[in-house]
Amino acid sequence: MAERTFRLYDTLSRTVKPLVTVEPDHLRFYCCGPTVYSYAHIGNFRTFLTSDLIVRTAQAIGWRVSYVSNITDVGHLTQDDVADAAGDDKMAKALASKEGEQFANVWDLARHYSDIFEDAWRQLNLQAPTVRPRATEHMREQIIAVEDLIRKGNAYETPTGVYFSVDSFADYGKLSGNRDRENLQVAVRDVVQDDNKRNPADFALWKKDDKHLMQWFSPWGWGFPGWHIECSVMAQKYLGDTIDLHGGGEDLKFPHHECEIAQSEAGTGKPFCNHWIHVTFLQAEGEKMSKSKGNFYTVPDLLEQGYSALAIRMALISVPYAKPHNFTLQTLRDCQGHIERFQECDRRIAAAGSPEPAISEGHELAGLYEEALEAMLNDLNTSVALAKTLEGVKVILRQTTLAGDEAAAAVWFLDKVNHLLGIVRPLYVSLAEEAASGSDEIDGKAIDAWIEERQAAKKGKDFAKADAIRDKLIAAGVELRDTPQGVEWIRR
RNA sequence: GGCGACGUGCCCAAGUGGUUAAGGGAAGGGACUGCAAAUCCCUCAUCCGCCGGUUCGAAUCCGGCCGUCGCCUCCA
């Protein structure tokens with residue numbers, strides 16, 4: 001494969017630049033995952049979908065990808081926003097809420113939401129990360145990292161915990177642009193509880209608290225780690241001192257990623273990460289989504305309303321990650337229609353005997369795939385990639401009877417596009433599953449009987465009866481198609 | 001207050017200096033059908049929020065204005 005350039009916007013340099021890996025053709029990528037104290041909404045998944053597309057695009061040009069995405073199952077605090085840690089614990093708060101009554105303890109709660117999260121992850125056809133580490137399973141590494149920072153003079157202990165000294169790290173603020181230390185201090189001062197901090201902007205690496213619901217023993221007594229240290233530690237453990245790409249939601253730019261850079265670079269003396277990507281927040285029906293507002297769609301909710309997971313996926317990636325994207329049910333319905341056209345392609349492929357994928361050079365579909373890939377390599381232009389995909393579908397469906405080389409080319413195209421965008425594949429699975437699990441509804445034999453009866457009615461010009469049968473079948477989720485070859489039916 | 005994004009047809013949306021302004025949805029017309037559904041074909045922005053400027057040439061660059069939104073403050 002010819003050497004390809006993968007261009008991506010980089011938050012650090014504020015430009016779109018080629019993604020260059022330390023090790024040729026091997027991308028080491030860390031994406032910050034969720035804190036599992038509640039249900040994830042589709043906005044969360046815009047971020048993970050973007051990461052997934054990065055992984056797929058890299059794979060499409062022949063790169064190997066080491067992809068790490070964590071789960072934060074430690075409570076942390078609701079006011080980590082100002083880099084320091086103070087205030088109520090998210091997990092504790094969730095446990096104390098009405099929804100939390102069903103859980104035995106915070107560990108149980110974290111496991112519950114984490115399981116639901118991973119289910120949705122799979123349903124949206126997101127590739128499994130190479131490693132999905134959990135903060136609570138890396139306590140020892142975090143403690144060692146904090147000790148190391150104290151030894152190097154970047155951190156110090158006070159009666160309330162251990163803090164990172166932002167003044168000991170000259171580059172603090174280089175990612176977010178928060179160079180204005182004064183302004184930062186004003187913000188931090190509002191919630192800081194420890195006057196022993198050297199600089200109000202110093203953030204917590206370890207909090208001492210022997211009353212906390214999740215606590216561990218450390219050189220500083222019972223307590224729990226600061227929010228930022230887990231990602232520094234897990235990224236280093238699984239990907240090395242210097243990683244190629246680090247991503248997350250736009251809100252993580254500051255303080256989270258800023259703090260990660262400070263901790264990691266102070267600890268190793270090497271650049272932490274060469275390329276940063278941040279995903280713009282999703283809006284829904286013209287309004288901002290948020291956990292606290294409660295105006296969010298979740299994957300299980302939308303599935304229950306009858307939308308397919310692939311349609312949800314497609315709707316969420318239909319606008320490039322860096323642009324504001326207003327998710328609406330209208331968009332979702334449009335995508336549902338597109339997914340059904342993929343299914344139509346699949347039926348015709350099946351009718352053509354499901355040939356092995358093959359395509360001749362210069363074939364129209366080969367050109368369209370190339371254009372879709374090119375769009376993805378250009379800062380993940382999903383709008384264009386999707387447009388090329390739909391054009392390909394049109395090319396396939398334009399042929400009244402799909403057969404031979406054309407059928408093989410159609411298989412090739414759908415396979416390629418599916419690897420790249422992940423919006424086609426589960427189709428084949430789900431169709432098979434549907435056929436297998438359809439027994440609880442009206443069975444094939446009964447359908448055939450109805451069709452026969454309808455054909456007889458049509459023959460006798462009793463169209464009222466024929467239509468009544470058709471309506472009945474539609475109500476049962478069976479769609480009839482009168483073709484020159486006879487009557488076919490599919491489940492909807 | 002600091003930082004940033006966006007404003008393209010009825011709707012979503014690509015395009016960031018130069019032939020006919022991608023693609024999809026909706027809508028209208030047609031083929032097919034007993035009628036439908038599915039599928040296919042055709043039509044659908046001389047114009048890109050407004051006003052100036054730069055240029056041989058701008059939706060694309062610059063300035064101003066108006067409007068919408070986001071981050072910095074639970075958030076991916």
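All chains are named by letter (A, B, ...) in the order of the sequence lines, taking the proteins before the strands, and each is independently numbered beginning at 1. Predicted model, so just to flag it, every value in this text is computed and none were measured.
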Name the pairing partner of [N], where a pair is Watson-Crick or G-U wobble with both distances under 3.5 Å, or state none.
{"N": "rC50(B)", "answer": "rG64(B)"}
{"N": "rU39(B)", "answer": "rA31(B)"}
{"N": "rC69(B)", "answer": "rG4(B)"}
{"N": "rU20(B)", "answer": "none"}
{"N": "rA26(B)", "answer": "none"}
{"N": "rU55(B)", "answer": "none"}

Please measure how far the [atom1] atom in [N] lies from the corresponding atom in [M], and state the result in whole Å.
{"N": "rC72(B)", "M": "rC65(B)", "atom1": "P", "value": "27 Å"}
{"N": "rU43(B)", "M": "rC10(B)", "atom1": "C1'", "value": "15 Å"}
{"N": "rU68(B)", "M": "rG15(B)", "atom1": "P", "value": "25 Å"}
{"N": "rC11(B)", "M": "rC71(B)", "atom1": "P", "value": "26 Å"}
{"N": "rA59(B)", "M": "rG2(B)", "atom1": "C1'", "value": "31 Å"}
{"N": "rA38(B)", "M": "rC75(B)", "atom1": "C1'", "value": "44 Å"}
{"N": "rC44(B)", "M": "rG49(B)", "atom1": "P", "value": "22 Å"}
{"N": "rU20(B)", "M": "rU46(B)", "atom1": "C1'", "value": "11 Å"}

| First of E250(A) and C32(A) reached from the 5' end of RNA chain B, by closest nucleotide |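 So the residue in question is E250(A).
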
| said: Does the plane of the ring in H112(A) sit parallel, tilted or perpendicular to the ring in F103(A)? Use 30° and 60° as the thresholds. | reply: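 The arrangement is tilted - the two ring planes meet at 30° to 60°.
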
Looking across every strand, which nucleic acid part, if any, lies under 4.0 Å from [X] by heavy atom: base, sugar-phosphate, or nothing?
{"X": "H278(A)", "result": "nothing"}
{"X": "G248(A)", "result": "sugar-phosphate"}
{"X": "L282(A)", "result": "base"}

| Annotated protein contacts, base or backbone, on nucleotides 3-21 of chain B with a non-hydrogen cut-off under 4.0 Å, one of B, S, - each | --S-------SSS------

| remark: Nucleotide by nucleotide, nucleotides 34-44 of chain B touches protein heavy atoms under 4.0 Å in the pattern (B base, S sugar-phosphate only, - none) BBBBSSSS---

In whole Å, I'd like the distance from the [atom1] atom of [X] to the [atom2] atom of [N].
{"X": "I116(A)", "N": "rA76(B)", "atom1": "CD1", "atom2": "C1'", "result": "18 Å"}
{"X": "L252(A)", "N": "rU73(B)", "atom1": "CG", "atom2": "P", "result": "12 Å"}
{"X": "K288(A)", "N": "rC71(B)", "atom1": "NZ", "atom2": "C1'", "result": "8 Å"}
{"X": "F254(A)", "N": "rC72(B)", "atom1": "CZ", "atom2": "C1'", "result": "8 Å"}
{"X": "K93(A)", "N": "rC75(B)", "atom1": "NZ", "atom2": "P", "result": "11 Å"}
{"X": "L390(A)", "N": "rG24(B)", "atom1": "CG", "atom2": "P", "result": "7 Å"}
{"X": "E258(A)", "N": "rC71(B)", "atom1": "CD", "atom2": "C1'", "result": "14 Å"}
{"X": "H246(A)", "N": "rA76(B)", "atom1": "NE2", "atom2": "C1'", "result": "12 Å"}

Would the distance check show the side chain of [X] and the main-chain N or O of [Y] forming a donor-acceptor pair, the cut-off being under 3.5 Å?
{"X": "D10(A)", "Y": "W276(A)", "result": "yes"}
{"X": "R313(A)", "Y": "Q123(A)", "result": "no"}
{"X": "E258(A)", "Y": "K174(A)", "result": "yes"}

Closest non-hydrogen atom pair between [X] and [Y], with its separation:
{"X": "T5(A)", "Y": "L377(A)", "value": "O-CB, 3.6 Å"}
{"X": "D379(A)", "Y": "Y9(A)", "value": "OD1-N, 3.0 Å"}
{"X": "Y307(A)", "Y": "Q336(A)", "value": "CA-OE1, 3.4 Å"}

| Non-hydrogen side-chain atoms of S318(A) and T382(A) separated by less than 4.5 Å |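 Side chain of S318(A) against side chain of T382(A), heavy atoms only: no contact under 4.5 Å found.
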
| request: If a pair satisfies salt bridge (Lys or Arg N to Asp or Glu O under 4.0 Å) and one of its residues is in residues 320-340 of chain A, list it, with sequence neighbours excluded. | output: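 Those involving residues 320-340 of chain A are E340(A)-R492(A).
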
| field | Ring-ring centroid check Y297(A) Y39(A), cutoff 6.0 Å | value |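 No, ring centres 6.0 Å or more apart.
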
| field | side-chain contact (heavy atoms from CB on, under 4.5 Å) evaluation trace for D171(A) with I261(A) | value | CA-CA 9 Å; D171(A) 277 338; I261(A) 292 174; 5.7 Å; no

